[in-house]
Peer 1: 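Provided herewith is a single structure, encoded as structure tokens, for subsequent inquiry.
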Amino acid sequence: MTGTSPAVSPLDSVAFRRISAVSRHLGHRSEMDSQDQSLSLSKTAGHGFSVFESINQAPEDPILGVTVAYNKDPSPVKLNLGVGAYRTEEGKPLVLNVVKQAEQLLINDGSRVKEYLPITGLADFNKLSATLILGADSPAILEKRVATVQGLSGTGSLRVGAEFLTRHYYNRTIYIPLPTWGNHPKVFTIAGLSVKTYRYYDPATRGLDFQGLLEDLGLAPSGAVVLLHACAHNPTGVDPTPEQWEQIRQLIRSKGFLPFFDSAYQGFASGSLDTDAQSVRMFVADGGELFAAQSYAKNMGLYGERVGALSVVCKSAAVAGRVESQLKLVIRPMYSNPPLHGASIVAKILGDRNLFNEWTVELKAMADRIISMRKQLYDALCSRGTPGDWSHIIKQIGMFTFTGLNTEQVAFMTKEYHIYMTSDGRISMAGLSSRTVPHLADAIHAAVTRFA
Ligand code: PGU
């Protein structure tokens, strides 16, 4: 090679934009700073100083950090309502009975080996996952125009989808609801998308800001990616009605937006897998394209197994095949291929009529227990005469109640009552039990009366 400057490939420019965005996002020091740093480090090398001496302490994660703080608290009455993880009436984590049965079947099967999965994951799992979210009679599945890959739970599936869009989709802006799950903006920014928000929640009504949503999306440039929570919106617990979904669908299609569904709670909102997938299925029924990221963390209680899927519904089988081939190029350098165990459990349950039926019963029981916690908390606040209207507790759906408590009130409840929750006032209803409701109600009552 002679002295000509190397051509910048499209992928290089994508990588460059991404690195600059990420470093802005993470608040990295300037180049000058790092030169100064390396000079002073070279002087001190060999004298017991780390090359990472000047690294900043990163803050704890706003959601997972709540558990870290909770674990450090020695109080016997402490209560963790931070992370969205199901607990039993006894306050214990739950391994579903069907999951135990499926694991036993896997262990008993002597023919099973631990070979690598293909880059796209377990084929049966992918097929069954697409069917679960899109419906058995989905035209897209029948016409083989869905590309599905196994992902590292919901988060990994979102990330793979976002990386794919950065590389292959012409509009690299994603609109996410305000507010949304705290990790969404980070996942999408680091994948190289530019993140903008659309109004979603109205604190005054503690309900959907439907007008704001329509206005903001109405002003968004055509072709943008739009992130939608398939059901049980996190953190607000507020979902559009079927009629509102239909209006959203019309707007999205008329502006040529690309819908990206995050389905982390299928079955948890209503207790029915089909009802909770209706929003996604409306967008498949119109023949248009979409992305859907699924998680089995909550609905099968497989949190730590990291099982999920990304489905891309395309216009034709030929396009779906090419999309899948490119998804493999995203996955291979990231983690090569996904883990086997969790996906095998899910495939066993989804592929066996009896296990599937048992699962729906266990899922409904979890959803029902959460609904009964809403009622109990609401009644407890009413009986204490706690100032304010608390009816949103029983109106909101899914794992969380967006209480409307402010940061100061949350800090007070943590300090005085050892109740842990995210600072935006979100509480995980799944972490409550009949035994702990009075304690929470006392804390809310005290917080609201003290900081009106
Ligand atoms: N999407 C939404 C809307 C979520 O709420 C969550 C989990 C995910 C995706 C990702 O879940 P996976 O575990 O990767 O499948 N949110 C929970 C769990 C804790 C966390 O923040 O990861 C929560 O408490 O918000």
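Both ligands and their constituent atoms are indexed starting at 1 by order of listing.
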Peer 1: Mind checking whether His229 has an N or O less than 3.5 Å away from an N or O of ligand 1?
Peer 2: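 N/O-N/O distance under 3.5 Å: no.
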Peer 1: Pairs of nitrogen or oxygen atoms closer than 3.5 Å, one from Leu158 and one from ligand 1: do any exist?
Peer 2: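 N/O-N/O distance below 3.5 Å does not exist for this pair.
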Peer 1: Pull out every atom of ligand 1 sitting under 4.0 Å from any heavy atom of Ala297, numbered as shown with elements.
Peer 2: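 Close to Ala297: 13 (O), 15 (O).
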Peer 1: Enumerate the residue pairs fulfilling salt bridge (Lys or Arg N to Asp or Glu O under 4.0 Å) with a member in residues 71-98, sequence neighbours excluded, ordered by first and then second residue.
Peer 2: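 Qualifying pairs: Glu89-Arg369.
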Peer 1: Please work out whether the ring planes of Phe291 and Phe260 are parallel, tilted or perpendicular, with thresholds of 30° and 60°.
Peer 2: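 Tilted: the ring planes of Phe291 and Phe260 meet at 30° to 60°.
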Peer 1: Quick check on Met399 - does any of its heavy atoms sit under 4.0 Å from an atom of ligand 1?
Peer 2: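 No heavy atom of Met399 comes that close to ligand 1.
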Peer 1: Between Asp262 and Leu158, is any pair of side-chain heavy atoms under 4.5 Å apart?
Peer 2: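 They are in contact (side-chain heavy atoms under 4.5 Å apart), so the answer is yes.
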Peer 1: Quick one: CD1 on Ile349 to CD on Glu358, what's the gap to the nearest 0.5 Å?
Peer 2: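 Ile349 atom CD1 to Glu358 atom CD measures 9.5 Å (nearest 0.5 Å).
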Peer 1: Using a 4.0 Å heavy-atom cut-off, say whether Tyr296 meets ligand 1 through its side chain, its backbone, both or neither.
Peer 2: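 The answer is neither; Tyr296 stays 4.0 Å or more away.
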Peer 1: Heavy atoms only, cut-off 4.0 Å: how does Val83 contact ligand 1, side chain, backbone, both, or neither?
Peer 2: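 Answer for Val83: both.
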Peer 1: Can you confirm, on distance only, whether ligand 1 has an N/O atom lying under 3.5 Å from any N/O atom belonging to Gly84?
Peer 2: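 Yes, there is a polar N/O contact under 3.5 Å.
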Peer 1: Heavy-atom distances under 4.0 Å are what count here, so tell me which part of Arg426 touches ligand 1: side chain, backbone, both or neither.
Peer 2: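 Arg426 to ligand 1: side-chain contact only, backbone stays beyond 4.0 Å.
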Peer 1: Can you give the donor-acceptor pairs under 3.5 Å from side chains of residues 131-141 to other protein atoms, not counting sequence neighbours?
Peer 2:
residue	atom	partner	partner atom	Å
Thr131	OG1	Lys127	O	2.9
Ser138	OG	Ala140	N	3.3

Peer 1: For atom 17 (C) of ligand 1, find the nearest protein heavy atom and state the residue, atom name and distance (0.1 Å precision).
Peer 2: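 Looking only at protein heavy atoms, the one closest to atom 17 (C) of ligand 1 is Lys298 NZ, 2.9 Å.
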Peer 1: Which of the atoms of ligand 1 are close to Gly154, meaning less than 4.0 Å from one of its heavy atoms?
Peer 2: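 Going through ligand 1 atom by atom, the ones under 4.0 Å from Gly154 are 12 (P), 14 (O), 15 (O).
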Peer 1: Does one side chain, of Thr401 or His392, offer a donor that lies under 3.5 Å from an acceptor on the other?
Peer 2: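 Absent: no donor and acceptor within the cut-off.
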Peer 1: Considering only protein heavy atoms, which is closest to atom 12 (P) of ligand 1, and at what distance to one decimal place?
Peer 2: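 Answer, as residue, atom name and distance: Ser153 OG, 3.3 Å.
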Peer 1: Near Asp262, which atoms of ligand 1 are under 4.0 Å from a heavy atom of that residue?
Peer 2: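 Close to Asp262: 1 (N), 2 (C), 3 (C), 9 (C).
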Peer 1: Under 3.5 Å, is there a donor-acceptor pair between the side chain of Ser270 and the main chain of Thr275?
Peer 2: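 Side chain of Ser270 to backbone of Thr275, a donor-acceptor pair under 3.5 Å: no, none is there.
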Peer 1: Which label fits Phe164 and His168: parallel for a plane angle under 30°, tilted from 30 to 60°, or perpendicular past 60°?
Peer 2: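 Tilted.
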Peer 1: Among Val187, Leu152, Thr67, Thr155, whose heavy atom sits nearest atom 14 (O) of ligand 1?
Peer 2: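 It is Thr155 that holds the nearest heavy atom.
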Peer 1: Scan side-chain atoms only and decide if Ser129 and Tyr296 contain a donor-acceptor pair under the 3.5 Å cut-off.
Peer 2: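 On atom types as modelled, these side chains qualify, holding a pair under 3.5 Å.
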Peer 1: If we ignore angles and hydrogens, is there a donor and acceptor under 3.5 Å between the side chains of His233 and Gln396?
Peer 2: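 Distance-only check fails for His233 and Gln396.
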Peer 1: If you count the atoms of ligand 1 from 1 in the order shown, which ones are under 4.0 Å from a heavy atom of Arg306?
Peer 2: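 Near Arg306, meaning under 4.0 Å from one of its heavy atoms, ligand 1 has 12 (P), 13 (O), 14 (O).
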Peer 1: Within a distance under 4.0 Å of any heavy atom of Ser295, pick out the atoms of ligand 1 and give their elements.
Peer 2: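 The atoms of ligand 1 under 4.0 Å from a heavy atom of Ser295 are 12 (P), 15 (O).
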Peer 1: What protein heavy atom sits nearest atom 21 (O) of ligand 1, and how far off is it?
Peer 2: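 Its nearest protein heavy-atom neighbour is Trp181 NE1, 2.9 Å.
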